[in-house]
Amino acid sequence: MQFILFVYAVVLTIWIAQLSGRIERIERGKPAVRPAPTPKLAAQSAAKISPAPQATLRTAPPQVRSTAPSASFEETVGAHWFQWLGIGALIIALVFFLKWAFDNGIIGPSGRTMIGYILAIGAMGAGHVLRKRYGSWALTFTGGGALASYIVTWTALHRYGLMDESVAMLLNILTTVATCVLAGRYNALGLALCGIIGGFFTPILTGSEGSVFMLLSYVLLLDLGVLVLAHMRRWHALNFAAFIGTAFWETYAFVFEADASLQMGIVFIALFASLYLAIPAAYTLVRKLPSQDADISILIANGLFHFAVLMFWLSEHSTIFESVDAFCAVIFGLAFGAYSVGVYMRNPRDARLLVTSLSLAVLFVSIAVPMQFTGIWIPLIWSIEAALLLIASMELQGHTLQRFAWPVMGVAYFWFFFVPDGRETLLFSPAGFWLGLLWAAMFIAFAFMAMERAGTLSAPVLAFAFAGAVFLTVLLFAHVALPARSTLSFTQRLIEAGALIGGGYLVLAQAKRKWQKLSADERHGMVALGIGVQIVTVSYLTAEYLRGVDDGYLLSGIGSKYQAKQVGVSMLWAVYGALTLIAGFAIRLGALRSFSVGLLLLAVAKMTLVDFFSLGTGARVIGFTVLGILLVAASFLYQHFKNEVKGFLQGK
């Protein structure tokens, strides 16, 4: 009885397929009913047959619209709707029949499994047949058949126990291969996604993860097949989907299982990382195609994920982790650096991929520094890395590498100023003094190099040097203003100030020689640098004077410390303003004279509003006497050089 019912189910399924095909053949073979031509149409047809004059050949014949009536509602319902409704009714009848047979034990587990595979294969075949008529809509049958095959295999394995894990694994692999082959033939990305999802879920469906070696070998073979298909069809999204599945199983194998040997783990991590590094290369370097979002995502995710997995795997073997972690970071950096060179050589127009690969290369090399070094060496090496990036950018005549020098140098500054090395930050360590001098020399060199190669690349390099000068200024005043924390002597602070201020004057002298080659923005920057040097100089002298008075080295026997500070600062500003005013006239620099005038006015305001009411008579006499002499001298200079000043202001 069970055999008869099974035969009935098979025959009913075949009959449904034959009925559907017969209806389609009848529709294709039915002659088209055309209405009799009207006199107007007949006349137009005769006009087309009769020879036309030569002049009418230049004009296009009028378009004649077909007057064939569209299918009526009755014909649509009778010819199409009834067809699908009938097929649906028969399928429902078959489903209920199978349910009744299953519930009553008429069809056993073997018969149910066989019927399931027959229906799955039939659905995939139906998708192939209907695709020619209904296009991509019919591929839902193919995808549904593949899904049904996975479900039937899982049921036969886990509920009925009709097969062992190896057979179930083989059947699921065959289903995945068949689905992906059909997807490649139909050029159907959605069907391919269905296949690879089933492929990556196969170890879960069959419960046959096995050893780490077997599991990762299966995933690697699956990746190779999927990536070949994706490369042939240029399915970038399929590559990223495969990476997600691979990352899932790698995480499971290395984080939750972790029963493989150290060598096996490193080999598989290297294989997967190399495979997904080659995926964008296949498009951008081999075919020279522009990268897509999926390629950029794979490149970033591949580098970060596999580096994290490798670090975790090595940390589980603590005896070697600290000795090879920096080496691994450098290897990752070199790999992405080589990839960026390949992009630059083969497909330089793909700027997005080039910047992404360079970013990863710089990131991993920078990560290796704190892994391998300690103390002052960390910001030192980062600053050297930033310098090399700037030099390479000037040699290659490109802005890309310059963008990476800024964050690398920024990290060096942050580490130097805020990350403690023992009890103190590197800012107040003895080695910080020497690093500051090295940075000053580096910034001076970059400023000279930029002015020698004046052009579109010089302005960013000058800005880099000027930003470094700002950080050196903060370093200098941190040593001067925080004597309790700074370990530098007066001589060391003086050398530090001389390097910063003297370097600024060297750059200004070079700018004066290269003035005609500089752009307008660079000239404005040099003027700002000149004013900045004066502000730093007078501020440093003021801070050192105040510290000297507090420590008793300066004016210790003249009145109170407060009076000595107030009068001394006012006189210092006035003297410095007068000297810079003389220098401004000597070198004919209006910006310097403007600074001097402003500083003299500031000294006058301080003497009038602060010193006059807070100082004693003797201090007032000394201060106002010196200030008066200097102001008279300044007035004499302006009277003597008034014609030159007018000419300068008028642009003559």
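Just so we're clear, the structure is a prediction, and the values are computed from it rather than from any experiment.
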Count the heavy atoms of every other residue, nucleotide or ligand shown that sit under 6.0 Å from [atom1] of [X], and state whether that count exceeds 12.
X: Arg349; atom1: CZ; answer: no
X: Trp434; atom1: CH2; answer: no
X: Tyr344; atom1: OH; answer: no
X: Phe417; atom1: CZ; answer: yes
X: Phe213; atom1: CZ; answer: no

**Item:** Pair Ile196-Leu222, side-chain contact (heavy atoms from CB on, under 4.5 Å): steps then yes or no
**Value:** CA-CA 8 Å; Ile196 70 167; Leu222 180 61; 5.6 Å; no
**Request:** Starting from the C-alpha separation in whole Å, work towards a yes-or-no answer on side-chain contact (heavy atoms from CB on, under 4.5 Å) for Phe254 and Glu316.
**Result:** CA-CA 10 Å; Phe254 294 121; Glu316 294 296 314; over 6 Å; no
Looking at the rings of [X] and [Y], which for Trp means the six-membered one, are their centres under 6.0 Å apart?
X: His306; Y: Phe332; result: no
X: Trp249; Y: Tyr252; result: yes
X: Phe336; Y: Phe364; result: yes

Rounded to the nearest 0.5 Å, how far does [atom2] of [Y] lie from [atom1] of [X]?
X: Trp415; Y: Leu380; atom1: CH2; atom2: CG; value: 13.5 Å
X: Thr284; Y: Leu353; atom1: OG1; atom2: CG; value: 5.0 Å
X: Leu437; Y: Gln492; atom1: CG; atom2: CD; value: 9.0 Å
X: Ile279; Y: Ile298; atom1: CD1; atom2: CD1; value: 5.0 Å
X: Leu518; Y: Arg513; atom1: CG; atom2: CZ; value: 12.0 Å
X: Met409; Y: Phe443; atom1: CE; atom2: CZ; value: 4.0 Å

[X] versus [Y], closest heavy-atom pair with distance:
X: Met371; Y: Met311; answer: CE-SD, 4.1 Å
X: Trp313; Y: Ser261; answer: CZ2-O, 3.2 Å
X: Val286; Y: Ala282; answer: CB-O, 3.3 Å
X: Gly184; Y: Arg233; answer: O-NH2, 2.5 Å
X: Met442; Y: Ser383; answer: SD-O, 3.9 Å
X: Leu500; Y: Ala469; answer: CD1-O, 3.9 Å

Is there a side-chain contact between [X] and [Y] (heavy atoms, below 4.5 Å)?
X: Met526; Y: Met451; result: yes
X: Val461; Y: Met449; result: no
X: Pro348; Y: Leu354; result: no
X: Leu193; Y: Leu238; result: yes
X: Pro379; Y: Leu435; result: yes

Salt bridge between [X] and [Y], side-chain N to carboxylate O under 4.0 Å?
X: Lys288; Y: Asp350; result: no
X: Glu452; Y: Lys514; result: yes
X: Asp293; Y: Arg352; result: yes

**Request:** Walk me through it: do Tyr505 and Gln510 pass the test side-chain contact (heavy atoms from CB on, under 4.5 Å)?
**Result:** CA-CA 9 Å; Tyr505 280 114; Gln510 178 69 4; over 6 Å; no
**Request:** Walk me through it: do Trp439 and Phe416 pass the test ring-ring contact (aromatic ring centres under 6.0 Å, His included)?
**Result:** CA-CA 12 Å; Trp439 280 350; Phe416 183 81; 5.2 Å; yes
**Message:** Ile535 and side chain to side chain contact (heavy atoms under 4.5 Å, CB included): which single residue from Val533, Thr537, Ile531 fits?
**Reply:** Ile531
Using modelled atom types only, decide if a donor and an acceptor are shared between the side chain of [X] and the backbone of [Y] within a distance under 3.5 Å.
X: Asn239; Y: Ala294; answer: no
X: Ser274; Y: Leu271; answer: no
X: Arg493; Y: Leu488; answer: yes
X: Ser539; Y: Val536; answer: no
X: Trp406; Y: Phe464; answer: no

**Request:** Could you verify whether a donor N or O on one side chain and an acceptor N or O on the other, from Thr542 and Trp573, lie under 3.5 Å apart?
**Result:** yes
**Item:** Residues Gln534 and Tyr576: side-chain donor-acceptor under 3.5 angstrom
**Value:**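 Checked: Gln534/Tyr576 side chains pair up, N/O donor to acceptor below 3.5 Å.
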**Request:** Start with the C-alpha gap between Phe433 and His479, add the side-chain angles, then the distance that decides, and say whether ring-ring contact (aromatic ring centres under 6.0 Å, His included) holds.
**Result:** CA-CA 10 Å; Phe433 165 74; His479 290 159; 7.9 Å; no
**Asked** Would Asp223 and Phe200 satisfy side-chain contact (heavy atoms from CB on, under 4.5 Å), going step by step from the backbone distance to the final call?
**Response** CA-CA 9 Å; Asp223 278 345; Phe200 279 107; 3.3 Å; yes
